[in-house]
Amino acid sequence: MSSQPHTVLPWFVRRTRLPLLSLRCVDCRSESATTGEGRFRVNANGKLLDVWLLVGCVSCDRTSKLTVHERAQVRSFDPAELDGYHANDPALVASKLLDPLLACRNRFTLDWKGAWRLDTPSAWLDEAWPVQVEVAFEDPVPVRPERLIAQGLGLSRNEVLRRIKCDISLRRQTSAGFTFTVMPGD
Ligand SMILES: [Zn+2]
């Protein structure tokens with residue numbers, strides 16, 4: 001019997017909405033905030049611009065400002081980007097929120113719970129074993145491969161550890177694409 005996988009199946013990890021932010025509210029001490037509709041605030045001071053992304057506490061609605069640009073030269077901005085800030089462009093809100101630099105600078109982490117889904121082809125268990133699966137990430141959702149695979153295949157964690165061959169650690173969180181092979185069950 002050949003150990004070469006017969007079939008390669010695509011799985012996709014996709015964002016379904018923007019993640020919440022794990023960010024402590026200074027008023028009510030809640031640790032969850034949202035970008036809501038997505039709003040920027042731009043403040044001009046001579047030739048310098050400050051740009052903030054506004055987020056609201058999910059408990060008390062208090063607004064906080066996350067620094068996107070601080071005292072940046074107006075001429076250093078791409079005009080399209082500047083228009084995007086003024087227009088609260090949803091794509092720009094998403095790209096700034098998901099930019100690790102913004103999270104680092106403003107000391108929050110993203111809470112992806114309920115904000116993504118795994119898309120798998122249906123009725124693939126009729127395929128000949130072993131099966132290879134390629135997992136692609138359309139958004140940088142951090143997942144633990146072990147859990148993702150268990151969910152996608154409807155297997156227990158023990159079965160995952162027994163039947164899955166993979167070059168990366170199944171326990172370590174990743175948001176980069178990876179491939180694994182499913183070996184036949186007993
Ligand atoms: Zn609050």
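Throughout, residue positions are numbered sequentially from 1 according to the sequence presented. Whatever order the structure lists ligands and atoms in, that order sets their numbers, starting from 1.
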Handout entry: N-O pairing of Asp119 and Arg14 below 4.0 Å
Key = yes
Would you give me the side-chain donor-acceptor pairs under 3.5 Å for residues 36-50, sequence neighbours excluded?
from, atom 1, to, atom 2, distance (Å)
Asp50, OD1, Arg71, N, 2.7

Handout entry: Parallel, tilted or perpendicular: rings of Phe178 and Phe137 (30°, 60°)
Key = tilted
Completion exercise
Output for pair (Leu153 CG, Ile164 CD1), nearest 0.5 Å, gives 5.5 Å
Handout entry: Check ion pair Arg15-Glu138 (N to O, under 4.0 angstrom)
Key = no
Completion exercise
Given a cut-off of 2.8 Å, the protein N, O or S atoms lying below it from the Zn ion (ligand 1) are Cys25 SG, Cys28 SG, Cys57 SG, Cys60 SG
Practice task
Mark yes or no for whether Gln151, through its side chain, and Leu148, through its backbone, hold a donor-acceptor pair below 3.5 Å.
Solution key: no
